[in-house]
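Read the structure below first, then the notes.
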Amino acid sequence: MIKQGSVEVGKEVDASVDAKLRQGAKAHHTATHLLQSALKSVVGSETSQAGSLVAFDHLRFDFNFHRPLSEEELTTIEALINQWIGNAAHVETKVMALQDAKNAGAIAMFGEKYGEQVRVVEVPGISLELCGGTHVSNTAEIRGFKIISEQGIASGIRRIEAVAGDAFVDYVCARDNYMRRLCLSLKVKAEDVNSRVETILEELRATRNVASSLRSKIAVLKAASLASRATTVEPQNVRIVVENMGDVDADGLKSAAEYLIDTLKDPAAVILGSSPGDGKVSLVAAFSPAIVEMGLQAGKFVSGIAKLCGGGGGGKPNFAQAGGRKPENLPDALEKARAEIVARVSGSS
């Protein structure tokens, strides 16, 4: 990209290398070689490179392997690479005949074509690879190595992303700042963060359980008032309740339906809906044994109603739940449910 002026054929230009960016490339490139050696050492020599990216601020290494690496394996790989970095090993580069390089055990990238003379990069006793890229002259220049992620990208192909050099220092400092702020918020030392978070999560789970129980009790209280408004449909005196219960959550809706089906006695049919928030719809259908004997199934019934709300669901013949993503359609869906259940139990359809 030309930022100023113009370039024409025949003009002379001065080229310069950004030393900081070049050093970042060197650190990540040599770290990639160390990573491949560490992988072979920790998970097995059968693993091999399947692709890589060397950037100024990170590296990406793809390799053949049949499963995710464990946390213990990743920790061991990191520790081994940082040990090699700390050993300040001299990095040697030399040009030799391809066959001589192969005889020496140099690793070549599968699928690459090489000439009769090749460049070999060696970290004595650690790594020996055919490579034409730029590298540090001593592993100590890498400063440090940290794995950011490990994941599968295709069948039998894993990917490791990591940082080295200045990017490693930046990464560690940023994480340390996050930890400092977390320690201040939790009012604990760094070594006590895990136990404090576990305690908070346990307290949160207990609070949520209490809140869920209270919501269910409130839903049952609301349902109690609905029982008196049940519609009786002839000729079999079927008691029917179809109602919108506002923002009651799915668990509360379930409790309310169970209460109503027990209160109304057989034969009875209950269809309840709610909009618990965040664009969600909850639905439940509860049928007494006599309703099921008429050929109605709660699972199929509520699934059909849920489709009107952009969702679906199902369950047993006597009890089923469903959800949706269009709360604005809930009133119409419940009206349809009312019309259908009345028509079915009255024998008019």
Side-chain angles (χ1 to χ4, degrees), residues 15-65 73-74 76-148 159-172:
S16 62
V17 174
D18 186 313
K20 183 176 177 62
L21 293 181
R22 173 61 63 87
Q23 187 61 29
K26 287 181 177 181
H28 285 101
H29 203 161
T30 308
T32 298
H33 285 212
L34 298 183
L35 174 57
Q36 177 155 220
S37 294
L39 277 167
K40 289 180 176 295
S41 174
V42 174
V43 303
S45 58
E46 70 276 9
T47 186
S48 60
Q49 182 177 343
S52 71
L53 168 72
V54 174
F56 301 124
D57 59 354
H58 72 285
L59 67 85
R60 190 175 69 211
F61 187 80
D62 300 340
F63 59 101
N64 300 294
F65 205 56
E73 287 170 330
L74 292 172
T76 302
I77 289 168
E78 271 188 1
L80 186 56
I81 293 173
N82 282 308
Q83 177 185 323
W84 290 336
I85 292 171
N87 289 342
H90 180 64
V91 180
E92 302 174 358
T93 60
K94 51 191 171 184
V95 176
M96 62 174 66
L98 176 60
Q99 192 56 52
D100 290 341
K102 290 182 177 179
N103 293 340
I107 296 176
M109 179 64 181
F110 179 77
E112 286 286 336
K113 294 183 179 180
Y114 298 95
E116 293 183 4
Q117 296 292 308
V118 292
R119 183 170 181 264
V120 178
V121 177
E122 180 180 11
V123 183
I126 299 172
S127 171
L128 184 66
E129 294 191 38
L130 303 186
C131 184
T134 184
H135 288 271
V136 298
S137 58
N138 188 291
T139 58
E141 295 177 41
I142 300 174
R143 304 179 70 182
F145 177 88
K146 182 67 181 175
I147 293 174
I148 305 302
R159 170 172 291 173
I160 285 178
E161 295 191 65
V163 289
D166 288 347
F168 162 81
V169 175
D170 292 342
Y171 179 88
V172 171

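Every heavy atom of this structure was used, including side-chain atoms; hydrogens, water molecules and symmetry mates were not.
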Could you list all the salt bridge (Lys or Arg N to Asp or Glu O under 4.0 Å) pairs where at least one residue sits in residues 38-51, not counting sequence neighbours?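 Residue pairs passing salt bridge (Lys or Arg N to Asp or Glu O under 4.0 Å), neighbours aside: none found.
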Which residue pairs pass the salt bridge (Lys or Arg N to Asp or Glu O under 4.0 Å) test when at least one of the two sits in residues 76-98, sequence neighbours left out?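 Output for this query lists Glu78-Lys146, Lys94-Glu122.
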Is there a donor-acceptor contact under 3.5 Å from the side chain of [X] to the main chain of [Y]?
X	Y	value
Thr139	Ala89	yes
Arg60	Glu161	no
His90	Ser137	yes
Thr47	Phe65	no

Qualifying residues under side chain to side chain contact (heavy atoms under 4.5 Å, CB included), relative to [X], sequence neighbours excluded:
X	answer
Ala79	none
Ala88	Asn138, Ala140
Val169	Arg143, Cys173

Heavy-atom distance under 4.5 Å between the side chains of [X] and [Y], does that happen here?
X	Y	value
Leu39	Ile160	yes
Ser127	Trp84	no
Leu34	Phe145	no

Looking only at heavy atoms, what is the nearest atom pair of [X] and [Y], with distance?
X	Y	value
Ser48	Asn64	OG-ND2, 2.8 Å
Leu130	Ala106	CD2-CB, 3.9 Å
Ala164	Ala27	CB-O, 4.2 Å
Val120	Ala101	CG2-CB, 3.8 Å

Rounded to the nearest 0.5 Å, what separates atom [atom1] in [X] from atom [atom2] in [Y]?
X	Y	atom1	atom2	answer
Gln36	Phe61	CD	CZ	4.0 Å
Leu98	Glu116	CG	CD	8.5 Å
Asn82	Ile77	CG	CD1	12.0 Å
Ile81	Ile142	CD1	CD1	8.5 Å
Leu59	Leu35	CG	CG	6.5 Å
Ile147	Leu74	CD1	CG	5.0 Å

Only counting residues at least two apart or in another chain, list the ones meeting side chain to side chain donor-acceptor pair (under 3.5 Å) with [X].
X	value
Ser41	none
Ser52	Gln49
Asp18	none

Please identify each residue that fulfils salt bridge (Lys or Arg N to Asp or Glu O under 4.0 Å) with Glu73, with sequence neighbours left out.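 Salt bridge (Lys or Arg N to Asp or Glu O under 4.0 Å) list for Glu73, sorted by chain: Arg67.
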Partner set under salt bridge (Lys or Arg N to Asp or Glu O under 4.0 Å) for Arg159, not counting sequence neighbours: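 With sequence neighbours excluded, Arg159 shows a salt bridge (Lys or Arg N to Asp or Glu O under 4.0 Å) to Asp62, given in chain and number order.
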With sequence neighbours left out, which residue pairs that include part of residues 19-35 fulfil the side chain to side chain donor-acceptor pair (under 3.5 Å) condition?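 Those involving residues 19-35 are Lys20-Asp166, Gln23-Glu141, Thr30-His135.
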Would you list the pairs meeting ring-ring contact (aromatic ring centres under 6.0 Å, His included) in which at least one residue belongs to residues 38-60, sequence neighbours left out?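 For residues 38-60, and leaving out neighbouring residues, there are no ring-ring contact (aromatic ring centres under 6.0 Å, His included) pairs at all.
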